[in-house]
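Note that the numbering runs from 1 along the sequence shown for the chain.
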Amino acid sequence: MKKKLVSLFLTIAMAAALLAGCGDDGQSGSTDQTQGSQEENKDGADDNSGTEDKADGEDKTDAPEADDKEGAGSDAAGSMKGKKVGFTVPSVGNDFMLAVTEAVKAALEAQGATCQVDAADGDVTKQIEQIENYATMGMDLIVVFPINGEALTSVGQKVMNDGIPVFAFAMEIPDGATTQMLSAEEADMGAACLEMTNAWIDKTFPDAADGEIKVYLLSSSYSPEAVERCDAMRAIKDNPKVTVIEEETEDWNSVDAARTRIENAFLTNPDINLVMAANGTSALGVESYMASSDCPIDDLSKFGIFTVDETEEIVAKIKASANDESVLRGTVSMGSIEDTVNDFMSAASPILTGQEPIPVWNGGCKTVTADTLAE
């Protein structure tokens, strides 16, 4: 099954540090390129030992404790100098993905490596081309946050056969990666969102009749992982109190697309009580409409938005929901930005320093609400 990366809790200081210096080199959707330019990357790949087959899913090792992970990065100091990493991601169209890529880039550069980040803009063909370009440019490691892992198996196998290790980041590339960093199941995240949504319904509408509560499910089929997550969220239909109205956002990386969807939904369903959004960006789009003068709800205490993904902005709005200053009431988190960087370095460091590749598994998820933030 497909997995989902650790959602990130962003601090203002971290965001300011990480988001600086983002540019566009005009090649393969590149959104950020280190000072080690493509000219330098043409020198050819180092022959390293990171071409072993990826560990079977049943043999995933647990991620080391935080102190051990930090040690892995520290031990690599100097030995990563001059190493070149290509990192392709589905998109950097939202704060979550941008923070992920910048955090990874910063961690690698702190150990002397260079990292080029390219966005595939949701296009699998473009992501395949980026992987092929990295191989041509002589990258020592290719990190792939897949749009569709199964579609990348063939190119992953080809690149590994050419002697360049592939790191599947956040989602699996079946038989097409040297190693991987995985976290909670998409179904688990959808189920966690479902659980907190049902709890809020029972608390807010204890005496609701069958079908009385109108739930607007803003789903997505952006990727197989998005479909899996939304499938779990659809179990809200089993709650006898609710009637579900489902629509799909055409772009879950767009706040504006979600805002347009909810605005139109209220025209035909003015009695919507809550929204379940496929991801954090969609949830923020809905919340922006609910916070505007166009909001059709008089009593905001009886309205809620629930989602998956944790960012600084989402957490701030959840905190504000305690006083109904926001209606974004809950999300699902996988951990902090530090956790993500440590996990990444635990899996990437061995490859870049000529050691045995290891998979890293950081399972589990937690719900974030105004109550949990107050604890």
To the nearest 0.5 Å, what is the distance between [atom1] ([X]) and [atom2] ([Y])?
X: Asp118; Y: Glu129; atom1: CG; atom2: CD; result: 11.5 Å
X: Thr307; Y: Met276; atom1: OG1; atom2: CE; result: 9.0 Å
X: Asp123; Y: Ser91; atom1: CG; atom2: OG; result: 12.0 Å
X: Thr197; Y: Asp202; atom1: OG1; atom2: CG; result: 11.0 Å
X: Gln116; Y: Leu108; atom1: CD; atom2: CG; result: 13.0 Å
X: Thr260; Y: Ile262; atom1: OG1; atom2: CD1; result: 11.0 Å

At their closest point, which heavy atom of [X] faces which heavy atom of [Y], and how far apart are they?
X: Ile201; Y: Ile236; value: CD1-CD1, 4.2 Å
X: Ile358; Y: Pro350; value: CG1-CG, 4.3 Å
X: Ala257; Y: Ser254; value: N-OG, 3.0 Å
X: Ala278; Y: Val308; value: O-CB, 4.4 Å
X: Ile164; Y: Ala135; value: CD1-CA, 3.6 Å
X: Gly280; Y: Ile314; value: CA-CD1, 3.6 Å

Ring geometry between Phe344 and Phe87 (parallel below 30°, tilted from 30 to 60°, perpendicular above 60°):
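Ring orientation, 0 to 90° scale: parallel.
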Please identify each residue that fulfils side-chain contact (heavy atoms from CB on, under 4.5 Å) with [X], with sequence neighbours left out.
X: Ala191; answer: none
X: Lys302; answer: Thr204, Phe205, Asp299
X: Pro296; answer: Phe266, Tyr289
X: Glu248; answer: Ser219, Ser221

Show, in sequence, the C-alpha distance, side-chain angles and deciding distance for Ser346 and Asp343, and conclude whether the side chain to side chain donor-acceptor pair (under 3.5 Å) test is met.
CA-CA 5 Å; Ser346 292; Asp343 286 341; 5.3 Å; no
Determine whether Arg259 and Ser292 satisfy the following criterion, side-chain contact (heavy atoms from CB on, under 4.5 Å), listing intermediate values before the conclusion.
CA-CA 11 Å; Arg259 178 168 175 144; Ser292 73; 3.5 Å; yes
Listed partners of [X] passing side chain to side chain donor-acceptor pair (under 3.5 Å), at least two apart:
X: Asn269; value: none
X: Asp324; value: Arg329
X: Asn239; value: Asn198
X: Glu247; value: Tyr216

With a cut-off of 6.0 Å (strictly less than), are more than 12 heavy atoms of other residues, nucleotides or ligands near CD of Glu263?
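Buried by this count: over 12 neighbours within 6.0 Å.
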Assess whether side chain to side chain donor-acceptor pair (under 3.5 Å) is satisfied between Thr311 and Glu313, documenting all intermediate values.
CA-CA 5 Å; Thr311 67; Glu313 183 177 8; 5.3 Å; no
Mind checking what makes salt bridge (Lys or Arg N to Asp or Glu O under 4.0 Å) contact with [X], not counting sequence neighbours?
X: Glu250; answer: Arg261
X: Asp231; answer: Arg234
X: Lys366; answer: none

I'd like to know if the side chain of [X] and the backbone of [Y] have a donor-acceptor N/O pair within less than 3.5 Å.
X: Gln127; Y: Ile147; result: yes
X: Asn148; Y: Val124; result: no
X: Gln157; Y: Asp175; result: yes
X: Thr153; Y: Gly176; result: no
X: Thr249; Y: Ser220; result: no
X: Ser321; Y: Ser326; result: no

So, Asn133 and Thr136: side-chain donor and acceptor under 3.5 Å apart, yes or no?
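Looking only at side-chain atoms, Thr136 and Asn133 do not form any donor-acceptor pair under 3.5 Å.
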Would you please test Met80 and Ser349 for side-chain contact (heavy atoms from CB on, under 4.5 Å) and show each step?
CA-CA 8 Å; Met80 287 191 196; Ser349 295; 3.2 Å; yes
If Ile, Leu, Val, Met, Phe, Trp and Tyr residues are connected whenever their side-chain heavy atoms lie under 4.5 Å apart, and connections chain through other members, are Met233 and Val227 in the same group?
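In one cluster with Met233: Val227, no.
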Taking side chain as C-beta onward, heavy atoms only, is Val85 less than 4.5 Å from Asp140?
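Sidechains of Asp140 and Val85: no contact.
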Hey, are the side chains of Ile173 and Val144 touching, using non-hydrogen atoms and a 4.5 Å cut-off?
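With C-beta onward as the side chain, the pair touches.
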Taking it one step at a time, do Val89 and Phe169 satisfy side-chain contact (heavy atoms from CB on, under 4.5 Å)?
CA-CA 9 Å; Val89 298; Phe169 186 73; over 6 Å; no
Verdict with reasoning, Cys295 to Leu300, per side-chain contact (heavy atoms from CB on, under 4.5 Å):
CA-CA 10 Å; Cys295 175; Leu300 292 179; 4.0 Å; yes
Going by the ring pair (Phe, Tyr, Trp, His ring centres under 6.0 Å) test, which pairs reach into residues 297-320, not counting sequence neighbours?
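Every ring pair (Phe, Tyr, Trp, His ring centres under 6.0 Å) pair that includes a residue of residues 297-320, provided the two are not neighbours, is Trp200-Phe306.
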